[in-house]
Each structure stands twice: as C-alpha cells, then as structure tokens.
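First the structure, in the form of structure tokens, and then the observations on it.
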Amino acid sequence: MKRPSLPRMLLRGLFRRCAWCGGRGAFFTGWTSKQSTCRTCGLNWRRGDVGYELGAAATAAIISVGPLVLLLGAVLAVTWPDVHVVPMLIVLGVGAVVMPILLYPSSYTTWQAVDILLRPPEPDDFESVGEASASNAS
C-alpha cells in the first residue's frame with residue numbers, strides 16, 4: 001500500500017482512525033481501551049518501539065494544552081488591564097482537566113501518524129486481520 005500524505009494521516013489521527021489505512025475506530029475498542037493491531041489493515045500499534053507512549057503523551061500535551069494557552073492569551077489581550085483572574089483560572093483549570101480526557105484517543109492516533117511518517121511501516125509490522133482478531137480475543 002502506498003503511504004498516504006502527511007496531512008491525510010494527521011487528519012485520520014485526529015478523528016481516531018488508523019493513520020495508515022483510515023479504518024474507523026481502528027485501534028480503540030472503547031474510550032481508553034485499545035487493541036494491539038488495526039482491525040482494518042492489521043498494522044501493529046507499537047511496532048517494536050519502547051518509548052512509543054512518551055511521544056503520544058507529548059502529542060496529548062500539545063493538542064490539549066496548546067489551545068488553552070491560546071485561550072489564555074486571547075482573554076488577556078481582550079480584557080487587559082481589567083483581567084478577572086479567578087474566573088479565568090477556573091475556566092482554564094477545568095479545561096486543563098477535561099481536555100486531555102476528551103482528546104486521549106485522538107492524541108494517540110495523531111502520534112501514530114507522526115510515527116508512521118518518521119518510520120514507515122515494514123511488511124513485518126502488519127498482522128493478517130484474522131490473526132489480529134484471534135490474538136486480541138484471547
């Protein structure tokens with residue numbers, strides 16, 4: 001299979017799809033539970049990389065905290081010099097707790113898109129879809 005373009009892979013990741021094949025809900029079986037291979041193409045989730053979760057956590061920080069920092073800057077720019085600090089901190093604090101939970105699956109699949117860009121999959125990174133279903137069931 002030909003490698004998809006970077007924008008396409010990132011969009012697939014943002015919408016919780018497999019960055020390689022675009023399969024819907026490819027890795028996530030629930031909001032936080034995931035399986036080891038894509039249910040559509042059989043791509044392995046981690047592909048032998050030990051530090052995979054660190055990249056996914058960094059991606060989660062960027063896509064969840066980034067908008068909060070932009071919101072903070074916008075609020076300060078609009079309300080300066082009469083900034084209402086307590087309401088702003090409450091809204092940003094709630095956002096800092098809720099956003100990472102809401103964006104957890106998207107951050108992992110977005111990181112997978114970046115990982116695929118940096119390390120294109122090899123044929124041994126795939127399992128046949130039937131084998132993947134059987135190994136995940138046991």
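Below, all heavy atoms of this structure are taken into account, side chains as well, without hydrogens, waters or symmetry copies.
Here the CH2 atom belonging to Trp111 is positioned 8.0 Å from the CG atom belonging to Leu54, to the nearest 0.5 angstrom. Taking SG from Cys18 and CZ from Arg39, the interatomic distance works out to 11.0 Å, rounded to the nearest 0.5 Å. Here the straight-line distance linking atom CE of Met9 with atom CG of Leu117 works out to 5.0 Å at 0.5 Å rounding. Rounding to the nearest 0.5 Å places CD1 of Ile101 at 10.5 Å from OG1 of Thr32. Expressed to the nearest 0.5 Å, how far CG of Leu71 lies from CE of Met99 amounts to 9.0 Å. Here Leu10 contributes atom CG and Ile116 contributes atom CD1; the two are 10.5 Å apart, rounded to the nearest 0.5 Å.
Taking hydrophobic clusters as Ile, Leu, Val, Met, Phe, Trp and Tyr residues chained together by side-chain heavy-atom distances below 4.5 Å, Ile63 does not share a cluster with Leu11. There is a path of hydrophobic side-chain contacts, each under 4.5 Å, that joins Leu89 to Val83. Side-chain heavy atoms closer than 4.5 Å link hydrophobic residues (I, L, V, M, F, W, Y) into clusters, and following such links, even through other members, never connects Ile90 to Leu68. Neither Leu92 nor Val65 shares a network with the other; the hydrophobic side chains, linked directly or stepwise wherever heavy atoms of I, L, V, M, F, W or Y lie under 4.5 Å apart, form separate groups for each. Put simply, Val94 and Met88 are part of two different groups of oily side chains (I, L, V, M, F, W, Y) that touch within less than 4.5 Å, one to the next.
Side-chain contact, Thr110 with Ser106: no donor N or O sits under 3.5 Å from an acceptor N or O.
Listed for the Thr37 side chain is no donor-acceptor partner under 3.5 Å among the backbone atoms of Gly42. Using a distance-only test at 3.5 Å, with no hydrogens or angles considered, no donor-acceptor pair links the side chain of Glu122 to the main chain of Asp124. When atom types are taken as modelled, the side chain of Arg17 and the backbone of Gly22 share a donor-acceptor pair closer than 3.5 angstrom.
Considering only residues two or more places apart in sequence or on other chains, Asp125 meets the salt bridge (charged side-chain N to carboxylate O under 4.0 Å, His left out) condition with Arg47.
What you find for Pro100 and Gly95 is that their closest heavy atoms are CD-O, 3.9 Å. Heavy atoms only, all atoms of each residue included: Ser107 and Thr59 are closest at O-CG2, 3.6 Å.
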(message) Is there a side-chain contact (heavy atoms from CB on, under 4.5 Å) between Cys38 and Trp20? Walk through the geometry before answering.
(response) CA-CA 9 Å; Cys38 173; Trp20 186 253; over 6 Å; no
*Could you give me the CA-CA distance, side-chain angles and deciding distance for Glu127 and Asn44, then say whether side-chain contact (heavy atoms from CB on, under 4.5 Å) is met?*
CA-CA 7 Å; Glu127 289 184 25; Asn44 287 318; 3.3 Å; yes
List the steps and the verdict of side-chain contact (heavy atoms from CB on, under 4.5 Å) for Gln112 and Leu43.
CA-CA 11 Å; Gln112 184 193 41; Leu43 178 66; 3.5 Å; yes
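Taking the six-membered ring where the residue is Trp, Tyr108 and Phe28 present perpendicular rings, their angle passing 60° and hence far from 30°.
In this structure the side chain of Pro105 never reaches within 4.5 angstrom of the side chain of Lys34, judged on heavy atoms.
A cation-pi geometry, defined here as NZ or CZ lying under 6.0 Å from the six-membered ring centre and within 45° of its normal, holds between Arg16 and Trp31.
The environment of CZ in Arg8 is sparse: at most 12 heavy-atom neighbours from other residues, nucleotides or ligands sit within 6.0 Å.
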